[in-house]
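Here the structure is laid out as structure tokens; the discussion comes afterwards.
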Amino acid sequence: VQLQASGGGLVQAGGSLRLSCAASGFTFDDYAIGWFRQAPGKEREGVSCISGSDGSTYYADSVKGRFTISSDNAKNTVYLQMISLKPEDTAVYYCAADPNFRSSYYLSTVCYYGMDYWGKGTQVTVSS
């Protein structure tokens, strides 16, 4: 399993970014893929996750209404569209995957505790 995150960068507060997570090495159907972030000195936070089986999504309260997760199964890619960015969104963003995830009932759980496979992070910096 390989996960390649991209799309991070420097943006002013109020701006937008779209992160991409290109996945390979597993069948892109029954999966959970999520975005997690970690800022210096802070614990890792599950930002948003999506279930491949039915498209269910989960968002942390801190990003609801501003971030949107989506998937393109033809491209084996999951996106995180981020708008109205705030300085507190500054962090390294990681995508992670559980390639054998069949029950979206547990989506919030895996989005909190983490998943089996992790990609390298991409830095998002929001200036005030």
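Nearest heavy atom pair, residue Phe36 against residue Gly46, reads CD2-CA, 3.4 Å. Between Ala5 and Cys95 the shortest heavy-atom distance is CB-SG, 4.1 Å. When every heavy atom of Gly55 is checked against every heavy atom of Ile50, the shortest pair comes out as O-CG1, 4.1 Å. For Ala91 against Ala39, the heavy-atom pair with the smallest separation is CB-N, 3.8 Å.
Following chains of ILVMFWY side-chain contacts shorter than 4.5 Å, one can reach Leu107 starting from Trp118, so the two form part of one hydrophobic cluster. If you chain together hydrophobic residues whose side chains sit under 4.5 Å apart, Met115 and Phe101 fall into the same group. Both Val63 and Ile33 sit in one connected hydrophobic cluster of ILVMFWY residues. Membership requires side-chain heavy atoms under 4.5 Å apart, directly or through other members. Taking hydrophobic clusters as Ile, Leu, Val, Met, Phe, Trp and Tyr residues chained together by side-chain heavy-atom distances below 4.5 Å, Tyr113 does not share a cluster with Tyr106. Residue Val78 is grouped with residue Leu19 when hydrophobic side chains (ILVMFWY) are merged at heavy-atom distances under 4.5 angstrom, including chains of intermediate members.
Using a 4.5 Å cut-off on side-chain heavy atoms (C-beta onward), Val11 and Met82 make no contact. Between Gln81 and Ser16, the closest side-chain pair of non-hydrogen atoms falls below 4.5 Å. Using a 4.5 Å heavy-atom threshold, the side chains of Leu85 and Ile83 count as separate. At a threshold of 4.5 Å between non-hydrogen side-chain atoms, the residues Leu3 and Cys21 count as touching. No side-chain heavy atom of Tyr117 sits under 4.5 Å from any side-chain heavy atom of Phe26.
One distance of note links OH of Tyr93 with CD of Gln38; it measures 12.0 Å at 0.5 Å rounding. Taking OG1 of Thr77 as the start and CD of Gln4 as the end, the distance is 10.5 Å to the nearest 0.5 Å. Atom OG of Ser128 is separated from atom NZ of Lys86 by 14.0 Å, given to the nearest 0.5 angstrom.
With no hydrogens or angles considered, a side-chain donor-acceptor pair links Tyr31 and Asn73 at under 3.5 Å. Side-chain N/O atoms of Thr27 and Asp29 include no donor and acceptor closer than 3.5 Å. A donor-acceptor contact closer than 3.5 angstrom links the side chains of Thr125 and Gln123.
Note on Lys64 versus Asp61: salt bridge recorded, some NZ/NE/NH1/NH2 to OD/OE distance being below 4.0 Å.
A ring-centre distance under 6.0 Å is not found for Phe67 and Trp35.
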**Request:** Decide side-chain contact (heavy atoms from CB on, under 4.5 Å) for Leu80 and Ser48; before the verdict, give the C-alpha distance in whole Å, the side-chain angles of both, and the deciding distance to 0.1 Å.
**Result:** CA-CA 8 Å; Leu80 185 69; Ser48 181; 4.0 Å; yes
**Item:** Working for side-chain contact (heavy atoms from CB on, under 4.5 Å), residues Arg37 and Ser62
**Value:** CA-CA 12 Å; Arg37 67 185 181 186; Ser62 57; 3.4 Å; yes
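In terms of the side chain to side chain contact (heavy atoms under 4.5 Å, CB included) criterion, residue partners of Ser70 (sequence neighbours excluded) are, by chain and number, Tyr79.
A donor-acceptor pair under 3.5 Å links the side-chain atoms of Tyr59 to the main chain of Ile69, judged by distance alone.
Atom CD of Gln2 has 12 or fewer neighbouring heavy atoms from other residues, nucleotides or ligands inside a 6.0 Å radius.
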